[in-house]
Amino acid sequence: MCGLVGVVGQSDVAVSLYDTLTVLQHRGQDAAGIATDDNGILNLRKDNGLVKDVFRTRHMRRLAGNMGIGHVRYPTAGSSSPALAQPFYVNSPYGLCLAHNGNLTNSAQLSEELFSEDLRHINTDSDSEVLLNVFAHELQQVGKMAPTADDVFNAVEGVHRRCRGGYVALVMITGYGIVGFRDKNGIRPLVFGKREVQGQTEYMLASESVALDSQGFTLVRDVAPGEAVYIDVRGNLHTRLCAEPAPYTPCIFEHVYFARPDSLMDGISVYKARLRMGEKLADKLQRLRPDHDIDVVIPIPDTSRTSALELANRLGVKYREGFVKNRYIGRTFIMPGQSERRKSVRQKLNAIELEFRGKNVLLVDDSIVRGTTCRQIIQMARDAGARKVYFASAAPPVRYPNVYGIDMPAATELIAHDRTEKEVETLIGADWLIFQDLDDLVSASREGNPNITQFDCAVFDGKYITGDVDAEYLRVLEEARNDVAKKRTRKVPEPAEEA
């Protein structure tokens with residue numbers, strides 16, 4: 001999962017891009033980059049690290065230009081070398097920079113085609129570079145000195161014909177404009193907005209609406225599945241649907257975990273969706289244990305707070321903040337290896353003993369993926385004096401790999417894969433474990449926009465909407481992207497043996 005932003009303005013946009021990337025930092029903490037266009041001169045700065053560490057004053061001074069794109073990355077494919085930081089650049093045609101969020105499921109096939117048929121060289125194992133070169137090849141077929149909006153849209157149509165998977169991308173065409181496009185199922189999110197500056201309109205494209213809010217842009221709407229939005233260098237807006245209609249299936253895990261609660265996605269308030277998750281989870285708990293003995297509900301900060309608060313209200317049980325979070329530690333889910341995830345939990349959270357001692361505690365988290373974090377947190381609650389520790393997940397069991405841009409590639413690393421809920425309960429050490437039902441999760445999101453009838457729920461039900469994911473694909477993916485493979489490419493230490 002990554003964060004994207006693109007701005008076409010009337011003055012230098014580097015500071016706006018930088019500030020927006022800090023707002024989107026939750027979507028990727030591995031690397032950051034900005035590319036700007038200064039009257040046809042490209043300026044680029046990217047490196048591994050957080051936004052605040054990648055960009056210094058000397059870098060910002062060089063990022064002149066009234067048009068630019070930015071990216072924050074956490075890796076779902078490839079290694080974490082600085083060469084894989086985005087935006088990516090190719091010089092032909094026109095000079096193109098790309099920022100990408102998602103994953104192409106036919107990346108290997110496309111790499112072979114690009115080399116053997118399109119005569120283009122791919123220098124990394126990143127599917128983002130593949131996507132950029134596919135777009136570049138399609139745009140090169142135009143054969144013009146200056147591409148029109150129709151030419152750009154025709155190139156996007158070619159991308160959709162060739163590429164499969166869940167993806168959004170921003171491409172800056174040096175000297176001409178920025179185009180943003182979204183996969184035909186709308187799996188990955190993309191919005192755009194505008195603001196008036198001295199009587200002229202500026203535009204922003206971004207992964208989440210909160211990015212627009214932070215810079216004073218007004219949300220216009222979500223980019224539709226298969227649609228392309230092109231803002232030329234003069235600030236003119238062009239849009240076109242560039243793919244055949246397909247089921248509209250946004251990723252529901254955005255609502256569960258990734259997106260900020262103050263974002264709107266596909267017309268759905270993430271905050272309201274999480275409130276409804278808490279309500280529905282409370283209703284299930286009351287059905288299963290109407291005579292429960294829960295004394296206090298405690299969220300595992302930060303993503304689960306909204307659901308936990310509404311769950312406590314619905315149950316009529318006290319809500320308390322029992323963990324203090326160290327805000328200088330990254331999001332545990334997107335740590336690159338199991339050993340780093342384990343190490344970070346104690347650094348990230350500290351229990352307030354007074355809220356646990358002698359009580360039956362219900363801990364609430366947004367989801368359980370590998371189980372490493374929740375197992376340690378349950379033990380922390382016991383060490384703080386909890387009499388019983390119950391655990392509630394606002395999402396169903398994560399049993400299947402994700403292939404559309406979330407770092408869940410290996411089924412064997414998912415604690416719920418091929419296990420019953422009771423077995424997971426035992427493994428994490430809870431006195432009782434309750435998961436959200438999938439129908440309730442879908443309902444919690446769908447109530448925000450009844451026009452969306454389906455969501456990408458593949459990590460919960462194993463149904464891959466693009467129709468090109470089979471057992472062999474998942475086997476190859478697991479071999480390439482499990483924690484052992486990541487250790488080889490990222491120099492992550494071997495996970496310690498558990499007692």
Side-chain angles (χ1 to χ4, degrees), residues 1-2 4 76 98 100-110 113 127-128 130-132 134-135 138 150 152-171 179-192 205 207-208 220-230 238-256 258-259 264-268 400-406 408 438 441-443 445-446 448-470 473-474 477:
M1 192 66 61
C2 301
L4 316 178
T76 54
L98 172 139
H100 167 224
N101 173 31
N103 187 60
L104 302 182
T105 53
N106 63 334
S107 179
Q109 172 193 332
L110 288 170
E113 291 177 2
D127 63 333
S128 302
V130 170
L131 180 60
L132 173 57
V134 170
F135 179 85
E138 296 297 326
D150 284 340
V152 173
F153 291 142
N154 289 338
V156 175
E157 288 180 359
V159 169
H160 287 316
R161 282 194 300 270
R162 297 178 66 178
C163 296
R164 298 194 299 269
Y167 56 90
V168 296
L170 301 180
V171 182
V179 60
F181 53 91
R182 191 177 184 190
D183 66 81
K184 63 183 180 180
N185 294 107
I187 298 173
R188 302 266 66 86
L190 187 65
V191 299
F192 73 98
L205 290 140
S207 295
E208 297 186 31
V220 174
R221 59 179 174 84
D222 293 88
V223 176
E227 183 183 26
V229 174
Y230 178 55
H238 312 265
T239 66
R240 185 202 284 181
L241 195 63
C242 296
E244 292 294 322
Y248 192 175
T249 54
C251 174
I252 205 164
F253 212 75
E254 290 277 359
H255 300 172
V256 171
F258 271 105
L264 290 170
M265 286 186 164
D266 301 291
I268 299 168
Y400 303 95
N402 182 277
V403 301
Y404 301 130
I406 300 177
M408 302 178 189
L438 181 55
L441 176 63
V442 170
S443 176
S445 290
R446 191 183 172 208
N449 184 358
N451 292 324
I452 298 178
T453 60
Q454 298 182 60
F455 290 87
D456 167 39
C457 301
V459 297
F460 304 120
D461 61 14
K463 298 176 182 177
Y464 297 97
I465 193 66
T466 54
D468 59 339
V469 178
D470 56 19
Y473 179 92
L474 294 175
L477 186 72

Query raised in the report: Would you say Asn185's side chain and Thr249's backbone share a donor-acceptor pair under 3.5 angstrom?
Result: no
Report task. Hey, could you give me the SG/CD1 distance between Cys457 and Ile252, rounded to the nearest 0.5 Å? Result -> 4.5 Å
Report task. Return yes if some donor-acceptor pair links the side-chain N/O of Asp183 with the main-chain N/O of Gly166 below 3.5 Å, else return no. Result -> no
Query raised in the report: Can you tell which of Leu205, Val171, Val223 makes a side chain to side chain contact (heavy atoms under 4.5 Å, CB included) with Phe181?
Result: Val171
Requested in this report: Could you please spell out the steps behind the side chain to side chain contact (heavy atoms under 4.5 Å, CB included) verdict for Arg182 and Asp222?
Outcome: CA-CA 10 Å; Arg182 191 177 184 190; Asp222 293 88; 4.2 Å; yes
Query raised in the report: Are the side chain of Asn402 and the backbone of Gly405 linked by a donor-acceptor contact shorter than 3.5 Å?
Result: yes
**Report entry** Spacing of CZ belonging to Arg221 relative to CZ belonging to Phe192, to within rounding of 0.5 Å
**Finding:** 4.0 Å
**Report entry** Donor-acceptor under 3.5 Å (Asp470 side chain, Tyr473 main chain)
**Finding:** yes
Report task. Please name all residues satisfying ring pair (Phe, Tyr, Trp, His ring centres under 6.0 Å) with Tyr230, sequence neighbours left out, ordered by chain then number. Result -> His238
Residues 458-468, side-chain donor-acceptor partners within the protein, below 3.5 Å, at least two apart:
{"unit_1": "Asp461", "atom_1": "OD1", "unit_2": "Lys463", "atom_2": "N", "d": "2.9"}
{"unit_1": "Tyr464", "atom_1": "OH", "unit_2": "Pro401", "atom_2": "O", "d": "2.7"}
{"unit_1": "Thr466", "atom_1": "OG1", "unit_2": "Tyr404", "atom_2": "OH", "d": "2.6"}
{"unit_1": "Thr466", "atom_1": "OG1", "unit_2": "Asp468", "atom_2": "OD1", "d": "2.5"}
{"unit_1": "Asp468", "atom_1": "OD2", "unit_2": "Thr105", "atom_2": "OG1", "d": "2.5"}
{"unit_1": "Asp468", "atom_1": "OD2", "unit_2": "Arg164", "atom_2": "NE", "d": "2.9"}

Report task. Would you check if the side chain of Ser207 reaches a backbone N or O of Leu4 as a donor-acceptor pair within less than 3.5 Å? Result -> yes
Report task. Please check if the side chain of Arg240 supplies one atom and the backbone of Ala228 the other of a donor-acceptor pair under 3.5 Å. Result -> no
